[in-house]
Amino acid sequence: MANGFQVSQALHVAATLGISDLLAADPRTAADLAAATSTHEPTLVRLMRALEAVGVYERDPAGRFRNTDLGELMRSDVPGSMAGWMSFIGRPNHWQAWGGLLDSVRTGENAFTAVHGTPVWEYRRQRPAEQEAFDKAMTSNSSSVAKAVVGAYDFGRSASVVDVGGGVGALLAAVLERYPSVHGVLYDQPDVIAAAGPLFERAGVDDRLEKVAGSFFESVPAGADAYVLKAIIHDWPDAESIDILRRCQEVMHDDAVLLLVEQILGAGADPVTTAFSDLNMLVGPGGRERTLDEYRDLLETAGLRLTEVTDTGTHVFVIEAKPQQSSSR
């Protein structure tokens, strides 16, 4: 466990170089891979040997490397691709922020801001390349659970779905593909929305998509039957989380639902992922993972009531909420 950072950095390098994409069609020698990636062949062999040892690649008797099942998940062009996340985790700003964990534990303060002198959202806003890397990482994370989420929860009950802070739309594209009667609205910051579209075109659902730019701290598109927030609330402390939820509650009709796609502390089949995600929230954006009771409290403060929790069979759940009674709104 202590040496786990070595594996994550090796995966980061392989993903950044696109090794698994190069091995998609046929096995290749180290010389071929080095030429294609403009790397030092003897040193690339050392990287490949290490990743072979942990089951990402394998070598045939002729010494050619090929993807294992794990290596296939590091391709950028496969369903459930983790390439974006692997490329992101080793970027210096993310890596350095984790170096501030000790101070965060001592003070309770956000490590990223302490290390870099600015909150993570402002840091990325000023650096388009970092924002692009983060968006790809979030697409990887959404793609890895999207099929399970749309299979576990019946989005077909809603004629219209707004994906609040939906990035480039990995989850919403899966919803529209699975439920042909649903119309989707992708809502995010203007620069993020400008990059959205290809996922919906590939899925053949772009004719049922509307893209709207804005900030969920200011407003949310009104009138939809369902509002989805995947991995949004865990990014923020309680006060900001309640503000986001209230913006949704304010525009929901009485029969609308709000759907949080989040990890839940103390629940699910993968407590390790959730516990370390909680530390990642401390280090990066400054939010936290929460228990179900803590989510219930947030929802109630924002004028919503928890109505259903759906286990997707992954590390995330779908937490459904509806507006509190009209007389109390």
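- Judged by distance alone, the side chain of N67 and the main-chain N or O of V56 form no donor-acceptor pair under 3.5 Å.
- Checked by atom type and distance alone, the side chain of T68 pairs as donor or acceptor with a backbone atom of G55 at under 3.5 Å.
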Self-check item: Steps toward side chain to side chain contact (heavy atoms under 4.5 Å, CB included) verdict (V228, V161)
Solution: CA-CA 7 Å; V228 180; V161 174; 3.6 Å; yes

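- When all heavy atoms of E210 and V212 are compared, the pair lying nearest together is OE2-CG2, 3.7 Å.
- A salt bridge links E72 to R75: one of the charged nitrogens lies within less than 4.0 Å of a carboxylate oxygen.
- Using modelled atom types, one finds a donor on one side chain and an acceptor on the other under 3.5 Å when comparing E320 with T307.
- For the ring-ring contact (aromatic ring centres under 6.0 Å, His included) test, no residue two or more places apart in sequence or in another chain qualifies with H40.
- Pairing each heavy atom of W236 with each of S241, the nearest pair is O-OG, 3.1 Å.
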Quiz item: Are R178 and D154 close enough, and set up right, to give a salt bridge (charged side-chain N to carboxylate O under 4.0 Å, His left out), and what steps lead you there?
Solution: CA-CA 10 Å; R178 174 70 178 264; D154 182 12; over 6 Å; no

Quiz prompt | Criterion side chain to side chain contact (heavy atoms under 4.5 Å, CB included) on I193 and L186, from CA distance to verdict | solution = CA-CA 8 Å; I193 287 294; L186 184 65; 3.9 Å; yes

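- No donor-acceptor pair closer than 3.5 Å links the side chain of E177 to the backbone N or O of V205.
- More than 12 heavy atoms of other residues, nucleotides or ligands lie within 6.0 Å of CG in D60, so this atom counts as buried by the packing criterion.
- Residues V272 and F276 have side chains in contact (heavy-atom distance under 4.5 Å, counting atoms from C-beta outward).
- For the pair T139/L199, a side-chain contact is recorded, criterion being any heavy-atom separation below 4.5 Å from C-beta on.
- With contacts defined as side-chain heavy-atom distances shorter than 4.5 Å, the pair L229/L259 does not qualify.
- Counting only distance, with no hydrogens or angles, the side chain of S142 and the backbone of L171 share no donor-acceptor pair below 3.5 Å.
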Practice problem: Go through the steps to decide whether Y57 and M74 satisfy the test side chain to side chain contact (heavy atoms under 4.5 Å, CB included), and finish with yes or no. | Solution: CA-CA 11 Å; Y57 303 116; M74 290 178 60; 4.2 Å; yes

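- Distance alone, capped at 3.5 Å, places no donor-acceptor pair between the S81 side chain and the D77 backbone.
- One finds a salt bridge joining E130 and R91 here, because a Lys/Arg side-chain nitrogen approaches an Asp/Glu carboxylate oxygen to under 4.0 Å.
- Checking side-chain atoms of H315 against main-chain N and O of T273 turns up no donor-acceptor pair under 3.5 Å.
- Although no hydrogens or angles enter the test, the distance criterion places no donor-acceptor pair under 3.5 Å between the side chain of H253 and the main chain of G223.
- The existence of a salt bridge linking K136 and E132 is confirmed by a sub-4.0 Å separation between a basic side-chain nitrogen and an acidic carboxylate oxygen.
- Rounding to the nearest 0.5 Å gives a distance of 8.5 Å between CG of D163 and CG of D188.
- Between L282 and G108 the shortest heavy-atom distance is CD1-O, 4.3 Å.
- Using a 4.5 Å heavy-atom threshold, the side chains of P285 and W121 count as touching.
- Remark: side-chain polar atoms of K211 are paired, donor with acceptor, to backbone N or O of A196 under 3.5 angstrom.
- Side-chain contact, Y179 with S158: no donor N or O sits under 3.5 Å from an acceptor N or O.
- Without hydrogens or angle criteria, D21 side chain to S76 main chain gives a donor-acceptor distance under 3.5 Å.
- At distances below 3.5 Å, not a single donor-acceptor pair connects side-chain atoms of S143 with backbone N or O atoms of G80.
- Evaluation of the ring-ring contact (aromatic ring centres under 6.0 Å, His included) test over residues 138-170, restricted to residues two or more places apart or in two chains, returns Y153-F155.
- Follow the hydrophobic side-chain contacts under 4.5 Å out from V283 and you never reach L265; the two are in separate clusters.
- A donor and an acceptor atom, one from each side chain of N141 and S144, are nowhere located under 3.5 Å apart.
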Practice problem: May I have the step-by-step check of side-chain hydrogen bond (donor to acceptor under 3.5 Å, both in side chains) for Q6 and S8, ending in yes or no? | Solution: CA-CA 5 Å; Q6 298 173 353; S8 64; over 6 Å; no

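- Two different hydrophobic clusters hold M138 and M281 under the rule that ILVMFWY side chains link at heavy-atom gaps under 4.5 Å.
- For F217, the CZ atom sits in a packed shell: over 12 heavy atoms of surrounding residues, nucleotides or ligands are nearer than 6.0 Å.
- Between V251 and V220, the shortest heavy-atom distance links the atoms CG1-O, 3.7 Å.
- In this structure the side chain of V318 reaches within 4.5 angstrom of the side chain of V149, judged on heavy atoms.
- Side-chain contact of T310 with E308: a donor-acceptor pair under 3.5 Å is present, judged by distance alone.
- Side-chain contact of W98 with N280: a donor-acceptor pair under 3.5 Å is present, judged by distance alone.
- The pair R59-E52 meets the salt-bridge criterion, with a side-chain N (NZ, NE, NH1 or NH2) lying under 4.0 Å from an Asp/Glu carboxylate O.
- Donor-acceptor pairing under 3.5 Å is recorded for the side chains of Q263 and S277.
- Cluster annotation: L245 is connected to V185 through the hydrophobic network of ILVMFWY side chains, with a link wherever side-chain heavy atoms come within less than 4.5 Å.
- Under the 4.5 Å side-chain criterion, counting only non-hydrogen atoms from C-beta, D238 is in contact with L298.
- With rounding to the nearest 0.5 angstrom, the OG atom of S140 is 10.0 Å from the CG atom of L73.
- The minimum heavy-atom distance linking L17 with L22 is given by the pair O-CD1, 4.5 Å.
- Nearest heavy atoms, G268 versus P271: O-CD, 4.2 Å.
- Salt bridge absent: D235 and R288 never bring a charged side-chain N and a carboxylate O closer than 4.0 Å.
- Shown here are the ring-ring contact (aromatic ring centres under 6.0 Å, His included) partners of F200, two or more places apart in sequence or in another chain: there are none.
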Quiz item: For F317 and L292, what are the C-alpha separation, side-chain angles and deciding distance, and is it a side chain to side chain contact (heavy atoms under 4.5 Å, CB included)?
Solution: CA-CA 10 Å; F317 294 77; L292 186 58; over 6 Å; no

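- In the hydrophobic cluster analysis, where Ile, Leu, Val, Met, Phe, Trp and Tyr join through side-chain heavy atoms closer than 4.5 angstrom, M86 is grouped together with L33.
- Between R124 atom CZ and D191 atom CG the span is 12.0 Å, to the nearest 0.5 Å.
- D32 and T29 share a side-chain donor-acceptor pair at under 3.5 Å.
- Inter-residue side-chain proximity for R66 and L23 is flagged as unmet; no heavy-atom pair is nearer than 4.5 Å.
- For the pair R247 and F216, the NZ or CZ position fails the cation-pi test of under 6.0 Å to the six-membered ring centre and within 45 degrees of the ring normal.
- Y123 carries R127 over the face of its six-membered ring, with the cationic atom under 6.0 Å from the centre and within 45° of the normal.
- At least one side-chain heavy atom of L44 sits under 4.5 Å from a side-chain heavy atom of T37.
- Hydrophobic clustering of Ile, Leu, Val, Met, Phe, Trp and Tyr side chains at less than 4.5 Å, counting indirect connections, unites L306 with I242.
- Checking each of F134, F88, F112 against H94 for a ring pair (Phe, Tyr, Trp, His ring centres under 6.0 Å) leaves exactly one that passes, namely F88.
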